[in-house]
Amino acid sequence: MPRYIFITGGVVSSLGKGLASASLGAVLQARGFKVRLRKLDPYLNVDPGTMSPYQHGEVYVTDDGAETDLDLGHYERFTGVAARKSDNITTGRIYLNIIQKERRGDYLGATVQVIPHVTNEIKEFISESNEDDADFVLCEIGGTVGDIESLPFLEAIRQFGNEVGHENALYIHVTLLPFIPTAGELKTKPTQHSVKELLSVGIQPSILLCRAEREIPDDERRKIALFCNIKKECVIPALDMKSIYQVPVSYHKEGLDEQVLKYFGLKAKEPDLRRWYEIMEHIAHPEGEVTIGVVGKYTSLLDSYKSLSEALMHGGFANNVKVNVDWIDAEIFEKEDCSVRLASVDGILVPGGFGERGTEGKINAVQFAREHKVPYFGICLGMQMAVIEVARHKAGLNDAGSSEFGKCNNPVVGLMTEWLKGNELEKRDERGNLGGTMRLGTYHAKLAANSQVREIYGDDTISERHRHRYEVNTTYKKQLEDAGLTFSGMSPDGRLPEIVEIADHPWFIGVQFHPELKSKPFAPHPLFTSFIKAAVEKSRLV
């Protein structure tokens with residue numbers, strides 16, 4: 001039976017429960033244990049797939065096609081353990097499951113209630129099959145203790161701890177110690193109140209992770225321990241770091257993993273944290289720096305591109321350079337000349353997105369990159385923008401566009417069902433207002449011999465994660481190829497374009513998938529490694 005660790009948060013949101021969970025998982029893994037991480041979200045959406053990135057940040061997609069919370073990206077990047085559909089659930093999904101069971105008569109006429117039916121459904125999710133024999137299952141509870149939305153989850157994990165035995169369940173509470181400049185001290189009262197709120201639902205945390213911007217004096221730790229009914233050594237400072245990749249080492253130095261093992265009565269070898277020290281060395285002592293211009297739609301909330309920004313940083317690790325990102329609202333380039341802003345960047349990246357807003361600005365950025373030989377990386381919609389740009393300015397299709405944005409005479413991008421039929425498509429009827437079709441999760445692609453991407457990947461076949469509804473229209477493939485665009489990656493059946501590139505350009509690649517979702521700090525994605533290398537070479541030419 002695995003040991004269960006529940007991570008809750010109090011006082012304010014955005015304290016970093018996801019990073020805390022991922023970091024603890026990484027350190028336990030470094031000690032030789034197998035870990036799996038799960039996220040319970042209190043909102044009523046079935047999943048974040050229908051939510052604006054401005055509301056909840058990016059949608060993280062798993063290999064098996066789940067649209068999940070961005071914290072699962074942290075889990076994967078820190079542990080390397082691929083997340084699954086069974087690792088993220090929401091209140092909406094729980095209630096949907098319950099209502100479907102009730103309509104089928106599964107409850108045999110019983111009155112369906114929060115207790116026991118909702119809490120039972122949550123507990124079933126927590127104890128979902130442990131087929132990889134994890135030693136620890138870490139469950140992060142979204143939201144903030146005291147919010148009404150979180151109450152069923154807190155009640156469920158309270159029950160769960162009683163059922164599996166307290167020797168198999170540990171509660172860690174992440175809280176805040178604000179510094180009041182006028183008083184010149186850290187304040188412990190918010191932490192005390194947060195723990196009191198948790199105690200009111202029957203949960204006594206055994207470890208406190210105290211977020212603070214400066215060192216926590218021993219007297220303050222003793223005070224917190226006294227008022228929160230825990231040992232002083234279990235009050236763990238969680239200080240602000242310059243980089244999130246310093247957190248696993250920091251938590252180990254503060255004794256978090258030691259206290260976790262002591263709670264469960266376990267002994268283990270000292271953690272092998274060499275990979276994290278190497279990453280910290282890259283961060284502290286880069287050999288240079290490059291600037292990448294990201295021309296996107298959601299640049300005012302950077303969590304919308306969380307995996308992307310991390311993957312760019314990983315590409316920097318692989319080349320031992322610091323990557324500076326210039327986040328540019330694509331709409332700006334619909335009103336002004338993009339050459340002024342883009343003249344100083346070493347690479348241009350257009351990320352994924354949905355909807356028409358800002359697309360003409362993105363196309364202008366693609367044109368600048370192509371004509372001025374600036375390394376260009378198009379991801380998902382960014383690939384489609386590259387295809388439209390080449391169609392308009394090289395293939396003579398002046399009115400080329402995407403049917404996503406309305407009718408056009410030359411839809412070089414369109415819904416798959418407009419010209420394709422087949423089992424590549426995943427029906428999404430359960431999504432109601434979205435309907436239609438979408439490619440979600442892992443799909444394979446065949447790479448063309450002698451292509452740049454074949455050299456980058458070092459393989460003929462690749463597997464990458466997708467999240468999109470529109471595809472490049474192969475009806476125009478011949479015209480686009482004649483215009484200089486190479487279709488260097490195709491689906492195994494040859495019907496769906498996966499990668500395009502321009503041979504006579506230093507680095508111009510568009511991909512229909514999302515490579516950022518598979519990049520890790522200790523295993524940077526080859527496309528990001530190659531893209532940053534090209535940016536470094538461009539910077540040295542200036």
Side-chain angles (χ1 to χ4, degrees), residues 53 290-302 304-305 308-309 311-312 315 323-395 397-402 404-405 408 412-413 468 470 472 480 483-485 499-502 504-512 514-516 527-528 530-532 534-535 537-539 541-542:
V290 295
T291 299
I292 304 299
V294 176
V295 184
K297 181 179 180 180
Y298 311 111
T299 53
S300 60
L301 180 67
L302 298 188
S304 303
Y305 299 116
L308 178 65
S309 63
L312 286 167
V323 178
N324 301 309
V325 180
D326 184 7
W327 299 97
I328 305 169
D329 185 344
E331 286 187 282
I332 293 173
F333 293 160
E334 296 179 348
K335 304 168 187 174
E336 59 187 57
D337 185 0
C338 65
S339 63
V340 177
R341 185 78 176 267
L342 296 179
S344 59
V345 304
D346 304 304
I348 297 169
L349 190 151
V350 174
F354 293 89
E356 185 177 7
R357 182 170 63 84
T359 52
E360 290 301 320
K362 294 175 184 179
I363 292 169
N364 290 337
V366 176
Q367 184 178 7
F368 178 89
R370 181 180 58 79
E371 293 179 347
H372 291 81
K373 305 295 184 182
V374 179
Y376 175 77
F377 195 178
I379 295 176
C380 197
L381 183 65
M383 168 182 160
Q384 296 171 5
M385 297 298 96
V387 171
I388 292 172
E389 192 280 326
V390 171
R392 288 181 183 178
H393 303 126
K394 295 288 286 182
L397 302 172
N398 297 331
D399 56 353
S402 170
E404 180 180 3
F405 315 139
C408 60
V412 295
V413 176
H468 60 97
Y470 290 82
V472 174
L480 291 165
L485 195 67
I499 307 175
V500 296
E501 61 184 63
I502 295 178
D504 63 353
H505 190 285
W507 208 99
F508 189 105
I509 293 174
V511 299
Q512 187 57 77
H514 288 270
E516 70 272 22
L527 284 174
F528 282 92
S530 180
F531 176 56
I532 297 302
E537 292 171 354
K538 194 262 183 188
S539 70
L541 293 174
V542 177

Can you tell me which residue among D326, L312, I328 is in a side-chain contact (heavy atoms from CB on, under 4.5 Å) with V294?
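For V294, the side-chain contact (heavy atoms from CB on, under 4.5 Å) test succeeds with only one of D326, L312, I328, which is L312.
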
Report the C-alpha distance between I532 and I292 in whole Å, list the side-chain angles of each, state the deciding distance to 0.1 Å, and finish with yes or no for side chain to side chain contact (heavy atoms under 4.5 Å, CB included).
CA-CA 9 Å; I532 297 302; I292 304 299; 4.0 Å; yes

Nearest-0.5 Å distance that lies between atom [atom1] in [X] and atom [atom2] in [Y]:
{"X": "N364", "Y": "L342", "atom1": "CG", "atom2": "CG", "value": "9.5 Å"}
{"X": "L349", "Y": "F531", "atom1": "CG", "atom2": "CZ", "value": "5.0 Å"}
{"X": "E360", "Y": "F405", "atom1": "CD", "atom2": "CZ", "value": "8.5 Å"}
{"X": "Q367", "Y": "I363", "atom1": "CD", "atom2": "CD1", "value": "9.5 Å"}
{"X": "K362", "Y": "F333", "atom1": "NZ", "atom2": "CZ", "value": "12.0 Å"}

For the pair [X] (side chain) and [Y] (backbone), establish whether a donor and an acceptor sit closer than 3.5 Å, ignoring hydrogens and angles.
{"X": "Y305", "Y": "T299", "value": "no"}
{"X": "T359", "Y": "E356", "value": "yes"}
{"X": "K297", "Y": "G352", "value": "no"}
{"X": "H514", "Y": "E516", "value": "no"}
{"X": "H505", "Y": "A369", "value": "yes"}
{"X": "E537", "Y": "P506", "value": "no"}

Mark yes when over 12 heavy atoms from residues, nucleotides or ligands other than K394 sit less than 6.0 Å from its NZ; otherwise mark no.
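Open.
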
Do the non-hydrogen side-chain atoms of I388 and S402 ever get within less than 4.5 Å of each other?
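Touching, per the 4.5 Å side-chain cut-off.
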
